[in-house]
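Everything on this sheet refers to the single structure shown next.
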Amino acid sequence: MKSEENRFEKLTRPEVNKFIEKNVNKSIPDLILKGSPFKHIDIKDIINQIIGKEKAKKKLPHWYKNEKVIYPSKLNLEQTSSEITALHKSKLVSCQTLLDMTGGFGIDSYYFSKKVISLLYTELNSELCRVVKHNIKAFGIDNFEIKNEDSIDFLQKNSQIYNWIYIDPSRRNEKTKVFQLKDSLPNIIEHLEIIERKSERFMLKTSPMYDIDMGYKELKGVKEIHIISVKNEVKELLWIIDWRKQNSKTIKIYNYQTKKRYSYTSIDENEEQLVRIKLTTCCQYLYELDSGIMKSGLNDLIGIRYDLKKLEQHTNLYTSDKKILSIPGKIYKVKSVEPINYKKIKKAIKGYQINLISKNFQLNTDELQKKLKCTIGGKSDYLIFAKTIEGNRVIEATRIVL
Ligand SMILES: C[S@@+](CC[C@H](N)C(=O)[O-])C[C@H]1O[C@@H](n2cnc3c(N)ncnc32)[C@H](O)[C@@H]1O
């Protein structure tokens, strides 16, 4: 343990840090060949710090800025929450005790520790525990206890009941990525009963690939689901569980641009779609709803809420003659709608840059690009290929950038 502390201390010395900073984004094989310029510091450790810094710059800027931080292996770093999503979760709790049963690199735990009196981090991997212990000291946090053990065993041995338990299960199994709860570690489905006994509330993070209907079947007490996107890419599904409650189908959708700036939509599936969305030919404006809304599966409900219609039952493009800037999604002003004649299109776009969208259409955008031999680019000009109620159409449109 002492030698590990020494190793971390050496790695974060100013001169070593300077070297690491200088070599961020440089060729790793070249660095390995040159070897470590510092006596008693392994080049492998230096390279790990370089890769860690590269990854942390965008995902974990607060960590990146702290020169004392030690990074775990690339694989562990890939599995961590980003600062934006960790901060989101921490805003949902304010209590005495929280147990994080899958501590990892401790990003979620770090933010939770700011909102609770005492935070218990449990983690199977001893190297991760050592790294986190060092980093917590570097950030000067003192309500953060670390236990290097199997969190399920820990729960079984202890009688304490936590205000909150949080789990972000490991979604890697023998090197392949998994997204079902039964394949993740720990297996929540097998241990739901003990988690229920030992917590008042439970927060579970699942993969964006995890099916929401499946979650309602596998879990109980679901109070809310949060679908969290960063820059319109769904990053995580959060299941907020209050054991005293029946499953409620309230879905909250957040799309973060920065830590503080985000759009928010809430849908209650209990308001169920009694009315089906109307279909129509393309109107003056087209709307492509945010990916979080598409993930919720309640996109038509949102469409109805904004008085939109759809181009075809299975074509996820919404339309209106009104320009509705508050819609959570991309907005296009339609210039023309025509049956598809590739020869004509090719001729019309020759020498121009264009963006392609394919919706419920037999060719995807790569195939369309090959067929049209066009140059992709430009800020606002789009050709949208889609199945509509009139048949396949190409829609020429301009993206309205807010
Ligand atoms: C997805 S990562 C968690 C990342 C973490 N939320 C963060 O922000 O850094 C999952 C972690 O759970 C740990 N783990 C899996 N099963 C465990 C168990 N039974 N007890 C304790 N830790 C476990 C894995 O070693 C892995 O580090």
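One-based numbering, in listed order, for ligands and for the atoms of each. We're numbering straight along the sequence, starting at 1.
For ligand 1, the atoms closer than 4.0 angstrom to any heavy atom of Gln79 are 1 (C), 2 (S), 4 (C). For ligand 1 and Leu128, the ligand atoms under 4.0 Å from any heavy atom of the residue are 27 (O). Taking every non-hydrogen atom of Phe105 and a distance limit under 4.0 Å, the qualifying atoms of ligand 1 come out as 9 (O). In the vicinity of Ser81, heavy-atom distances shorter than 4.0 Å reach the ligand 1 atoms 7 (C), 8 (O). Those atoms of ligand 1 that come under 4.0 Å of a heavy atom in Pro169, given as number and element, are 1 (C).
Scanning the protein heavy atoms around atom 19 (N) of ligand 1, the nearest turns out to be Asp150 OD1, 3.2 Å. At the top of the distance list for atom 12 (O) of ligand 1, counting protein heavy atoms only, stands Thr102 CB, 3.3 Å. Of all protein heavy atoms, the one closest to atom 10 (C) of ligand 1 is Asp168 O, 3.3 Å. The shortest contact between atom 5 (C) of ligand 1 and any protein heavy atom is with Gly103 O, 3.4 Å. Here the heavy atom of the protein found nearest to atom 11 (C) of ligand 1 is Glu123 OE1, 3.6 Å. In this structure, the protein non-hydrogen atom closest to atom 15 (C) of ligand 1 is Leu185 O, 3.4 Å.
A cation-pi arrangement is found for Lys249 relative to Tyr216, the charged atom lying closer than 6.0 Å to the ring centre and inside a 45° cone about the ring normal. Lys53 forms a cation-pi arrangement with Tyr64, by the criterion of a distance under 6.0 Å to the ring centre and an angle within 45° of the ring axis. Phe154 does not carry Lys147 over the face of its six-membered ring by the limits of under 6.0 Å from the centre and within 45° of the normal. With a 6.0 Å cutoff to the six-membered ring centre and a 45° limit on the axis angle, Lys359 does not count as a cation-pi contact of Phe385.
Side-chain contact annotation: Thr97 with Asn163, donor-acceptor N/O pair under 3.5 Å present.
A perpendicular orientation is assigned to the rings of Phe19 and Phe38, their planes being inclined by more than 60° (bins at 30° and 60°). Using a 30° and 60° split on the angle between ring planes, Tyr256 and Tyr254 fall in the parallel class, below 30°. Between His134 and Phe8, the ring planes lie perpendicular to each other; the angle is over 60°, past the 30° to 60° tilted range.
Remark: ligand 1 and Leu124 share an N or O pair separated by less than 3.5 Å (distance only, no angle test). For ligand 1, none of its N or O atoms has an N or O atom of Ile152 under 3.5 Å away. Looking at Asp108 next to ligand 1, an N or O pair under 3.5 Å apart turns up. At under 3.5 Å, not a single nitrogen or oxygen of Asn76, backbone or side chain, sits near a nitrogen or oxygen of ligand 1.
Here the CH2 atom belonging to Trp239 is positioned 8.5 Å from the CG atom belonging to Leu181, to the nearest 0.5 angstrom. Between the NZ atom of Lys387 and the NE2 atom of His314 there is a distance of 7.5 Å, given to the nearest 0.5 Å. In this structure, the separation between CG on Leu301 and OG on Ser296 is 8.5 Å, given to the nearest 0.5 Å.
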Which donor-acceptor pairs under 3.5 Å do the side chains of residues 391-401 make with protein atoms, sequence neighbours left out?
unit_1: Asn392; atom_1: ND2; unit_2: Gln362; atom_2: OE1; d: 3.4
unit_1: Glu396; atom_1: OE1; unit_2: Ser336; atom_2: OG; d: 3.3

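With atom 16 (N) of ligand 1 as the reference point, the heavy atom nearest to it among Gly106, Pro186, Ser184, Pro72 is part of Pro186.
Residue contacts with ligand 1 for Asp100 are absent, since no atom lies close enough (heavy atoms, distance under 4.0 Å). Only the backbone of Met101 comes within contact range of ligand 1, with a heavy atom under 4.0 Å; no side-chain atom does. Residue contacts with ligand 1 for Ala86 are absent, since no atom lies close enough (heavy atoms, distance under 4.0 Å). If you look at Glu149 next to ligand 1, the close heavy atoms, those under 4.0 Å, all belong to the backbone.
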